[in-house]
Amino acid sequence: MDLKIFDRMESQVRGYIRSFPVIFKQAKGSVLIDENNKEYIDFFSGAGTLNYGHNNPLLKQKLIEYLESDGVVHGLDMATTAKKYFLETFERVLLKPRNWRYSLQFTGPTGTNAVEAALKLARQVKGRANVVSFTHGFHGVSAGSLAATANAKFRGAAGFPLANTTFMPYDGYMGPDVNTMAYFERMLEDPSSGLDKPAAVIVETVQGEGGVNVAGRNWLKELERLCRRHDMLLIVDDIQVGCGRTGNFFSFDALGIRPDIITLSKSLSGFGLPMSLVLMKPELDIWKPGAHSGTFRGNNLAFVTAAQALDSYWTDDGFAAAIQRKERLVRDWLENIVHSYPQAGLSVRGRGLIQGLVLPTGGDAANRIARAAFEEGVVIETSGAQDEVLKVLPALTIEDDRLMRGLEIIERSLGRVLARTDASARVLKMGGKSR
Ligand SMILES: *Cc1c(COP(=O)(O)O)cnc(C)c1O
């Protein structure tokens, strides 16, 4: 496929095109189709943006009707019929059944816009600059969010000092036997620990970019308790693992915590349209009118599909049950792979339909498996500090047979990559006597 125009015109900053060097022309459900009509099973889902699949027919129908009726497309933050429909649906489907009260702030359309607003608000509310984030956390790449993002590559591109954030070890960071929350607690309780009193803590319940690291229920409950005790706001960044990814709409639904602030984006519109949202407990809403703005806070097309997605998938427990069933299929399959290659040092971790197959670091094996799988028709990405985790992120709506076919391809790709690695290891042992 001729990618010359992209090479010639696009900045070097381009990323995913390098992992998937074809030209995609169509997409439907869990299938991507390139310009040679080759089909790929999508196990990446736009990094968690396409939880309901590509061009979901229920959402597309609603969108077409809205466009046909000359509904308002861009509305700054003015009141529109579409926005009203979204607010009513959000309240009816998500807030009322949980007996929650949150104020909604629509921000600029990308995830990092929501994180920026959340951090800004928390700092204003508490009158303190410092925020705690966690090792391997990812919160976006604009200045404020980037300061709370741990990844060295992204931080290195900032060009100025990233300040006012302290990193604490995430759950499991020091191995399974160390309770990292005890360390955080000690830092907070010792007035001379050197930790400036934080306004807030920002956390992902499952770190999507950071390597599919899963925070335990007790760890999160302990974090919430610390936040209450030390007057810090708890911000859950649910941008990647919210909107059903872990089995319920919010990733913390089954974990018994109640964040002060929640950020949502990626799959919120349900259709891949940009849309971001900050939920804040009403008493935190100290914003002055217009104090935070943005031209694209009113993506009305996204309001329409977002509301329809809530109505189509979240008015009863059927969808959650289907996700949990598929989680079992994926998890069993991956655990079988781990057992089939006892020498390979593999493990599995994840929640819901974000599952990571963890490979030993150093050999670039996860990237090689992803490349091999792509050749065989599966789009899958790696994550983690050293790209050591193969991240299985199918649409929540994926058909069982397609899901299984994708997993088969991954297993085959893994088998081939590991066989090659074994063969080259043998050659090295023999004194490098390869041809
Ligand atoms: C993707 C992501 C962001 C940033 O969203 P963008 O739309 O890329 O700005 C923030 N937080 C988490 C957890 C994410 O996965």
Side-chain angles (χ1 to χ4, degrees), residues 13-16 44-51 105-122 131-151 153-155 157-158 162 165 167 170-171 200-215 220 234-246 249-252 259 261-279 292 294-297 299 302 306 350-356 381-385 389 391-393 396:
V13 79
R14 64 199 186 278
Y16 293 124
F44 185 33
S45 303
T49 306
L50 294 155
N51 282 3
Q105 177 182 4
F106 297 93
T107 66
T110 73
T112 197
N113 297 142
V115 173
E116 292 285 346
L119 294 174
K120 214 190 242 190
L121 179 71
V131 159
V132 163
S133 181
F134 290 96
T135 49
H136 296 188
F138 180 83
H139 301 288
V141 296
S142 58
S145 313
L146 183 54
T149 288
N151 184 291
K153 179 180 67 183
F154 293 127
R155 293 181 73 83
L162 298 166
T165 307
F167 285 88
Y170 194 71
D171 194 9
V201 176
I202 184 163
V203 67
E204 299 157 89
T205 64
V206 180
Q207 294 184 321
E209 298 302 300
V212 195
N213 305 306
V214 181
L220 286 165
L234 176 60
I235 305 172
V236 170
D237 181 350
D238 233 8
I239 288 175
Q240 182 156 159
V241 297
C243 302
R245 180 51 60 184
T246 65
F249 187 84
F250 295 100
S251 71
F252 50 88
I261 300 175
I262 302 158
T263 54
L264 290 171
S265 182
K266 290 203 167 87
S267 272
L268 181 59
S269 81
F271 202 71
L273 294 168
M275 174 179 182
S276 287
L277 186 59
V278 178
L279 306 181
H292 189 77
T295 306
F296 290 107
R297 283 170 297 158
N299 184 352
R351 259 198 329 119
L353 280 179
I354 176 165
Q355 295 288 336
E381 253 297 355
T382 56
S383 89
V389 182
K391 184 164 84 169
V392 180
L393 205 75
L396 309 179

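As the structure lists them, so they are numbered: ligands from 1, and atoms in each ligand from 1.
- Here atom 14 (C) of ligand 1 lies nearest to Lys266 when heavy atoms of Lys266, Gln207, His139, Glu209 are compared.
- With hydrogens and angles disregarded, a donor-acceptor distance shorter than 3.5 Å links the side chain of Ser267 to the backbone of Asn51.
- With a heavy-atom cut-off of 4.0 Å, Thr110 touches ligand 1 through backbone and side chain alike.
- Panel note: side chain Arg297, backbone Pro109; no donor-acceptor pair is recorded below 3.5 Å.
- For the pair Ser383 (side chain) and Gly208 (backbone), a donor-acceptor distance under 3.5 Å is present.
- Among protein heavy atoms, atom 5 (O) of ligand 1 sits closest to Gly111 CA, 3.2 Å.
- Formation of a donor-acceptor pair under 3.5 Å by the Thr263 side chain with backbone atoms of Val115 is not found in this model.
- The protein heavy atom nearest to atom 9 (O) of ligand 1 is Thr112 N, 2.8 Å.
- Remark: side-chain polar atoms of Ser265 are paired, donor with acceptor, to backbone N or O of Met275 under 3.5 angstrom.
- Residue-to-ligand polar distances keep Glu204 apart from ligand 1: every N/O pair is separated by 3.5 Å or more.
- Here the heavy atom of the protein found nearest to atom 11 (N) of ligand 1 is Asp237 OD2, 2.7 Å.
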